[in-house]
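Report on the following structure.
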Amino acid sequence: MLDIRLIREKPDFVRERLATRGGGEEAKIDIVLQIDAERRKSETELQRLQAERNRLSKEIGAKRAKKEPSDELEAQVRKIGEEIVDLTKRAGEAEEKQKNLLLEIPNLPHAKAPIGKNADANVVVRSWGEKPKLAGEVRDHVALGTNLKLFDLERAAKISGSGFICFTGAGAKLERALIQFMLDLHTREHGYREISPPFLVRRECMIGTTQLPKFEEDMYGLENGELFLAPTAEVPVTNFHREEILAIVDLPKKFVAYTPCFRREAGSAGRETRGIIRVHQFDKIELVKITTAESSYEELESLTSNAERVLQLLGLHYRVVELCTGDVGFGSAKTYDIEVWSPGQKAYLEVSSCSNFEDFQARRMNLRYKDADGKNKFAHTLNGSGLALPRLFAALIESYQQPDGSIALPEILLPYFGSAKIDKVD
RNA sequence: GGUGAGGUGGCUGAGUGGUCGAAAGCAGCGCUUUGCUAAAGCGCCGUACCUGUCAAAGGGUACCGAGGGUUCGAAUCCCUCCCUCACCGCCA
């Protein structure tokens with residue numbers, strides 16, 4: 001949520017930054033300003049009347065104490081009371097309207113973000129490693145996985161419909177090994193605290209991390225829209241400290257969580273849907289940070305490199321892309337996507353999206369910290385996958401496939417997986 | 001699911017219709033005294049919003065779990081809901 005005071009004081013600046021997203025959101029600014037002016041007018045008048053009522057009520061109390069008549073004053077206050085009822089309703093409505101509108105205005109992209117309409121304008125900021133030189137026929141993860149029975153998409157569909165994965169045998173074990181490997185890496189070497197959160201989250205939390213109200217059709221809801229299946233651990237973990245005031249000495253907070261993620265993927269039918277690349281349920285390791293305004297961009301760099309480390313240790317080629325203004329997510333000011341190379345797709349697959357939301361989410365969830373001067377400030381929140389599993393799984397088996405159809409796993413997984421290769425159905 | 005107890009400021013905890021945004025204590029901050037430490041004394045010390053201003057000071061309103069109601073006036077009375085704790089039942 002943008003700060004209404006910023007909108008009030010620098011409307012041109014806000015409009016200009018929003019316009020770089022190319023979504024026409026800047027048109028909402030005039031409406032917000034108009035509602036804000038109305039709201040404040042009713043509020044000021046309301047408060048004037050309340051002050052008057054308080055004053056007269058005290059007089060009535062004083063008169064009664066002295067056993068003097070107070071009928072006239074009481075009639076006066078009764079009349080003010082009626083006006084207050086009316087104005088309270090009007091002020092309340094204006095506030096509600098303003099809040100709802102503010103919830104639908106996206107964050108301002110960072111001042112230095114590359115300007116552009118869509119993903120074509122994203123900028124590759126670095127890449128690591130090289131595309132693997134594979135001997136013989138290059139198979140994609142579906143062929144490899146089917147052959148070695150690492151997952152079973154047809155039976156998953158029998159259970160849950162299309163867009164679900166059922167890992168089996170060595171595939172299930174590899175999934176588990178990767179989870180354990182990543183959790184150990186982030187907790188032991190990168191200093192994150194492990195959280196195992198609930199997967200069902202309340203509506204307020206979904207609003208807090210910006211999945212709602214705009215993207216409700218992409219979410220799985222239960223209990224009449226009061227609970228949702230979390231589409232990412234970002235939701236439960238970032239909201240962990242919602243409505244709190246943290247001590248500055250406790251910042252940054254760094255959390256890592258392993259959870260399944262549930263997404264309807266409405267409207268993305270046919271896009272990148274082959275195999276296990278885009279599904280309704282997938283596992284993910286998520287990194288979340290809560291920090292100060294001063295340090296959030298530094299923390300974004302380190303968070304991104306913490307996620308990259310997973311690919312480096314697994315020896316997978318990837319690149320890091322900075323998203324342009326037209327491609328950054330609704331709540332984000334700045335985002336790096338980490339894209340792993342998939343030999344099977346002959347394409348880079350997004351396995352992590354590392355974002356700094358600045359105070360956009362914190363304002364929605366009223367998450368603050370007390371700064372060095374004892375003043376309460378909205379925290380800055382960040383998150384990124386570290387990493388998303390099915391795509392990592394796909395890139396891994398494709399990159400390490402052998403001419404005979406087996407998979408030679410990177411050494412670092414040995415203690416987690418228990419053997420160096422997958423060469424037969426288990 | 002049932003029964004009972006309870007939700008007041010960073011914490012503990014008073015307050016049962018009027019001058020209560022709320023006693024007191026603890027913690028925190030500042031000052032004084034003091035050889036150091038300690039202790040004592042004095043003062044300050046919630047949040048949001050509106051207004052005001054270059055900025056402030058200042059003024060005002062709201063908030064005692066949430067939402068309604070009664071009343072001239074509600075932390076206080078009434079209703080509904082939520083949450084926490086304890087015990088019972090059921091259950092992975």
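Naming: A, B, ... by sequence-line order, numbering from 1 per chain. Heavy-atom basis, side chains included; hydrogens, waters and symmetry copies ignored.
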Sort out the partner of [N] for me: Watson-Crick or G-U wobble, both distances under 3.5 Å, none otherwise.
| N | answer |
| --- | --- |
| B/G35 | none |
| B/U71 | none |
| B/A57 | none |
| B/A86 | B/U3 |
| B/A27 | none |
| B/C81 | B/G65 |
| B/C91 | none |

5' precedence on RNA chain B between A/Arg55 and A/Ile60 (nearest-nucleotide basis): A/Arg55
Taking the nucleotide of RNA chain B with the closest heavy atom to each, which residue, A/Lys58 or A/Ile4, is nearer the 5' end? A/Lys58
Would you say [X] reaches [N]'s phosphate, i.e. side-chain N/O to OP1/OP2 under 4.0 Å?
| X | N | answer |
| --- | --- | --- |
| A/Arg53 | B/C72 | no |
| A/Asn54 | B/G73 | no |
| A/Arg40 | B/C50 | no |

Quantified in whole Å, what is the C1' atom distance between nucleotide B/G6 and nucleotide B/U12? 16 Å
Can you tell me, in whole Å, how much space there is between the P of B/U16 and that of B/C78? 14 Å
So A/Arg363, base contact, sugar-phosphate only, or nothing? Heavy-atom distance under 4.0 Å. nothing
Looking at every strand, decide which applies to A/Arg368 at a 4.0 Å heavy-atom threshold: base, sugar-phosphate, or nothing. sugar-phosphate
Pair A/Phe262 and A/Phe228, ring centroids less than 6.0 Å apart: no
Out of B/U51, B/U61, B/U47, whichever nucleotide has its closest atom nearest the side chain of A/Thr44: B/U51
Could you tell me if A/Lys173 sits above the aromatic ring of A/Phe417, with its cationic atom closer than 6.0 Å to the ring centre and no more than 45 degrees from the axis? yes
Aromatic plane relationship, A/Tyr192 with A/His190 - under 30° parallel, 30 to 60° tilted, over 60° perpendicular: perpendicular
Any idea how A/Phe164 and A/His280 line up, ring-wise: parallel (<30°), tilted (30 to 60°), or perpendicular (>60°)? tilted
With a 3.5 Å cut-off and no angle check, do the side chains of A/Glu299 and A/Thr291 form a donor-acceptor pair? no
